[in-house]
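A single structure is presented below for examination.
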There are 2 protein chains.
Amino acid sequence: MTLEVSSAVQDYAKAIYSLEQRCDGGAVSTNALAERLGVSAASASSMVKKLDGLGIVEHVPYRGVVLTGRGMNVALEVLRHHRLLERFLAEELGVPWDRVHDEAEVLEHVLSEELEELIAAKLGHPTIDPHGDPIPTADLKIVEPATVAMDGLEVGDSGRFVRVSDSDPEMLRYLGARGIAPGEPFEIVDKQPFGGPIFARFGDAGEAHPLGGRLAAAMRVEVGA
Amino acid sequence: MTLEVSSAVQDYAKAIYSLEQRCDGGAVSTNALAERLGVSAASASSMVKKLDGLGIVEHVPYRGVVLTGRGMNVALEVLRHHRLLERFLAEELGVPWDRVHDEAEVLEHVLSEELEELIAAKLGHPTIDPHGDPIPTADLKIVEPATVAMDGLEVGDSGRFVRVSDSDPEMLRYLGARGIAPGEPFEIVDKQPFGGPIFARFGDAGEAHPLGGRLAAAMRVEVGA
DNA sequence: GAATAAATTTAGCCTAGCCTAAAATCGTTT
DNA sequence: AAACGATTTTAGGCTAGGCTAAATTTATTC
Ligand SMILES: [Mn+2]
Ligand SMILES: [Mn+2]
Ligand SMILES: [Mn+2]
Ligand SMILES: [Mn+2]
């Protein structure tokens, strides 16, 4: 749709997009980018200079980068590939949801526009991936829903579990083994102090599941209702 | 299953395998390899030296290369990926048979063993791809059926059209538009002299199709019956 | 307003694969 | 046997994307 950029550039654009979402407000630091991508800060720095030259980012030396419109399109195109592929692998091929991410991470760079469209059509143009992440539309619009982390909730709060990071397979297996998946309504029934676990009851199931600190922090929810 | 080799090395192994099939008997020349892969002879030459170092080929300078056992495994592994993917794309996603090759050419290098197995299972462990090319088994055995080119046949000969090169989309579209696909029985009803077209009747259809020189040469058939 | 710690950039190096141009080798033909 | 043309290899370079180590800039703290 938009571009002719290498896999590396695509991954940088995607990482910058993701980091811009998190710490909203400002530019993405070279260090954060390097850590995210598992490369040295020096490598990220030199790549950032190239991305600026390509018109993917605006770079202010020592101050970080911001995606340009073009860069945003690159990121959203790859994100669409990634999330459609995750959904396709899970739904059509039965790949477990803790493994779809790594497969999609490489396939995303190699998916033609034609295949993208065929896959989207076959799946009925889905709007979220297996982890609850929104899939950008074919014309690269995306709605990032406002959510809060589950670990901030209190006893009595309820809502819907909508989304969880796709990059920690162990967490996903843990949740999967207990039948907890995005979309489930829940209610907080107990909470231990000092960063202890939070206890949530999902769906109409009887038992409450203890969710430890890191896990509850990774789970994003819609509150209310 | 076998290896950790780059996409480039995989494509070289595949090309050498294919060229060994053709001009049977001996080593594959640097020139043939270069032409096949669309690189300069110098590039092929230096890559050949590296392949020898990797144990993929046996290289006798100025004499050409032969695949080793390891090299054969690399080639067959990639060929299995390629052909399973072509079949998958055609069957599950409806990609037209003249376009599956180019898609598979990149996807083949990025398909995990897990995905390979899931795709094979979903398709019912097929033995041929959409062009009639045999798919190596999971343990990398392949049976290359003995076939002859259709342009060598004479009026009255009959048999089964089994295979056609997947790399010329235009030919494939031509055949596809006429409903001619591998598997069809046929009979030769006419043949023009001096490299002129050969006329074949396929299936139970009434009309005979004229098949020009290059096309008839690309179509491989089993004769008899 | 320095001194120091942290973040960032620069400098210099490496590997994979490609390229062109020049040299070397091979096979054939006189 | 020598010469010629074709094939193959070598020499030297280039780009992408990494790396480490050293400089530089920014932020913080006395
Ligand atoms: Mn990726
Ligand atoms: Mn996901
Ligand atoms: Mn390939
Ligand atoms: Mn094929």
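Because only heavy atoms are used, hydrogens play no part in the values below, and waters and symmetry mates are left out as well, while side chains stay in. A, B, ... follow the sequence lines: proteins, then strands. Residue 1 opens every chain.
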**Message:** For a quick check of understanding: with a heavy-atom distance under 4.0 Å over all strands, which category does B:Thr30 fall into, base, sugar-phosphate or nothing?
**Reply:** sugar-phosphate

**Prompt:** What's the CD-P distance between A:Glu4 and D:dT15, to the nearest Å?
**Reply:** 19 Å

**Request:** Indicate whether any N or O donor in one side chain lies under 3.5 Å from an N or O acceptor in the other, for A:Asp133 and A:His82.
**Result:** no

**Request:** Return the 5'-most residue of the pair A:Arg63, A:Gly38 with respect to DNA chain D, ranking by each residue's nearest nucleotide.
**Result:** A:Gly38

**Message:** Using OP1 and OP2 only, check whether a side-chain N or O of B:His59 sits under 4.0 Å from D:dT8.
**Reply:** no

**Message:** Taking any heavy-atom pair under 4.0 Å as a contact, classify A:Ser46: base, sugar-phosphate, or nothing.
**Reply:** nothing

**Item:** Touch class at under 4.0 angstrom, heavy-atom based, for B:Ala42 against every strand present
**Value:** base

**Item:** Residue-phosphate contact under 4.0 Å: A:Ser45 side-chain N/O, C:dT9 OP1/OP2
**Value:** yes

**Between C:dA16 (P) and B:His109 (NE2): distance, integer Å** = 18 Å

**Prompt:** Expressed in angstrom and rounded to an integer, what is the separation of A:Tyr12 atom OH from D:dG18 atom C1'?
**Reply:** 8 Å

**Message:** Would you say A:Lys49 places a side-chain N or O within less than 4.0 Å of OP1 or OP2 belonging to C:dT10?
**Reply:** yes

**C:dC19 phosphate, OP1 or OP2, under 4.0 Å from B:Ser40 side-chain N/O** = yes

**Request:** Nearest whole angstrom, please: distance from the C1' of C:dA7 to the CG of A:Leu33.
**Result:** 14 Å

**Request:** On DNA chain D, check which nucleotide each of A:Pro61 and A:Val39 is closest to and give me the residue with the more 5' one.
**Result:** A:Val39

**Message:** Rounding to an integer number of Å, can you tell me how far A:Met47 CE sits from D:dA16 C1'?
**Reply:** 8 Å

**Asked** Hey, is the main chain of B:Phe161 close enough, under 3.5 Å, to the side chain of B:Glu222 for a donor-acceptor pair?
**Response** no

**Prompt:** Do the side-chain N or O atoms of B:Asn31 get closer than 4.0 angstrom to the phosphate oxygens (OP1, OP2) of D:dA6?
**Reply:** no

**Request:** To the nearest Å, give me how far apart CD (A:Gln10) and P (D:dA16) are.
**Result:** 15 Å

**Prompt:** When you measure from the side chain of B:Ser6, which nucleotide among D:dC19, C:dG17, C:dT9 comes out closest?
**Reply:** C:dG17

**Parallel, tilted or perpendicular: rings of A:Phe88 and B:Phe88 (30°, 60°)** = perpendicular

**Prompt:** Choosing from C:dA24, D:dG17, D:dA11, which nucleotide comes nearest the side chain of B:Tyr62?
**Reply:** C:dA24

**Request:** Please report the C-alpha distance between B:Lys14 and B:Glu108 in whole Å, then the side-chain angles of each, then the deciding distance to 0.1 Å, and finally whether the salt bridge (charged side-chain N to carboxylate O under 4.0 Å, His left out) criterion is met.
**Result:** CA-CA 11 Å; B:Lys14 202 163 48 121; B:Glu108 64 189 3; 3.0 Å; yes

**Asked** How close or far is atom C1' of C:dC18 from atom NZ of B:Lys50, stated in whole angstroms?
**Response** 11 Å

**Message:** Applying a 4.0 Å non-hydrogen cut-off, can you work out what A:Ala8 is touching in the nucleic acid: base, sugar-phosphate, or nothing?
**Reply:** sugar-phosphate

**Request:** Mark yes when over 12 heavy atoms from residues, nucleotides or ligands other than A:Glu92 sit less than 6.0 Å from its CD; otherwise mark no.
**Result:** yes

